[in-house]
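Data first, discussion second: the structure below is written as C-alpha cells.
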Amino acid sequence: MDSVVQLQRQLVDYAGQLFNEGFLDEQFNQLQQLQDESNPDFVVELVTLFFEDSEKLLNELAKDLEQQSIDYRKIDAHVHQLKGSSSSIGVQRVQKVCIAFRNYCEERNIEGCQKCLQQVKNEYSLVKTKLETLFKLEQQVLAAGGSIPWPM
C-alpha cells in the first residue's frame, strides 16, 4: 500500500508541476472530472486526438509557410484551429503561442510566423512528452491498485 501512496503522491506532484509551469490550465481538470467508470480513457483518447490533429496542422503550417505566395488567411485558419483545440483540452502554453502567431498572420509578417511556428512546435513537443509521462504515471497508480486523485 505504501507504494500506491508513493505513486499517487508522485502523480499529484507531477501534475501540480505541469499546472505551475503553465503547461496545463483548469480546463484540463474539468476534462478529468468528465471521466468516469463508463469511459475511463476519456481524457487519454481526447488528448490522443489532439496530438494527431496537431501534428497534421503543424505539418500543414510548415508547408504553407514554404510557399512562394503565402496565404495568410489559410495559415491563420490553421492556427485558429490549433488554438481552439489546445484551449479545449487545457494546453495553455500552446494556446498562448497561437495567439501571437495569429497576430503575425494579421500583420502578414513571414518572419514572425516562422518564429511562432518553431515556438508552437517546441511547446507542442514539450507538452506531448509531459502528458505522455502523466498518463504513464496514472497507469502505474492503477496497475498498483490505486485510484487517480482528480482533480489535482
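Here the structure is a predicted model, which means the values were calculated and not measured.
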Under 3.5 Å, is there a donor-acceptor pair between the Y72 and E107 side chains?
no

Is it the case that Q17 and E21 place a side-chain donor and acceptor less than 3.5 Å from each other?
yes

Take L131 and F28 through the test side chain to side chain contact (heavy atoms under 4.5 Å, CB included) and record every step on the way to the result.
CA-CA 11 Å; L131 283 172; F28 190 80; 3.9 Å; yes

Side chain to side chain contact (heavy atoms under 4.5 Å, CB included), that's the test. Do D64 and I70 meet it? Break it down for me.
CA-CA 7 Å; D64 291 345; I70 306 291; over 6 Å; no

Within this structure, what is the [atom1]-[atom2] distance for the pair [X] and [Y], rounded to the nearest 0.5 Å?
X: D76; Y: L61; atom1: CG; atom2: CG; answer: 10.0 Å
X: R9; Y: D2; atom1: CZ; atom2: CG; answer: 9.0 Å
X: Q92; Y: E26; atom1: CD; atom2: CD; answer: 11.0 Å
X: D25; Y: L18; atom1: CG; atom2: CG; answer: 12.0 Å
X: E132; Y: K136; atom1: CD; atom2: NZ; answer: 6.0 Å
X: L7; Y: Q139; atom1: CG; atom2: CD; answer: 12.0 Å

Measuring only between side-chain heavy atoms, which start at C-beta, is [X] closer than 4.5 Å to [Y]?
X: F101; Y: I75; result: yes
X: V47; Y: F51; result: yes
X: Q119; Y: K115; result: yes

Single-linkage hydrophobic cluster [X]~[Y], side-chain heavy atoms < 4.5 angstrom:
X: Y104; Y: Y124; answer: no
X: V91; Y: I99; answer: no
X: L58; Y: I89; answer: yes
X: V94; Y: L49; answer: no

Sidechain-backbone polar pair: [X] side chain, [Y] backbone, donor-acceptor under 3.5 Å:
X: Q67; Y: K63; answer: yes
X: N59; Y: E55; answer: yes
X: Q32; Y: V43; answer: no
X: E123; Y: R93; answer: no
X: S125; Y: K121; answer: no

Can you name the nearest heavy-atom pair linking [X] to [Y], along with the distance?
X: L82; Y: S85; result: O-OG, 3.2 Å
X: A15; Y: L134; result: CB-CD1, 4.0 Å
X: Q27; Y: S87; result: CG-O, 3.4 Å
X: C98; Y: V120; result: SG-CG2, 4.0 Å
X: S147; Y: Q8; result: O-NE2, 2.7 Å
X: Q35; Y: V44; result: OE1-N, 4.4 Å

May I ask you to check whether over 12 heavy atoms, not counting those of K96, lie within 6.0 Å of atom NZ?
no

Run E138 and L11 through side chain to side chain contact (heavy atoms under 4.5 Å, CB included) and show every step you take.
CA-CA 7 Å; E138 286 180 355; L11 174 62; 3.8 Å; yes

Using the side chain to side chain contact (heavy atoms under 4.5 Å, CB included) rule, take T133 and K130 through it: C-alpha gap first, then chi angles, then the decisive distance, then the call.
CA-CA 5 Å; T133 300; K130 291 186 180 287; 5.6 Å; no

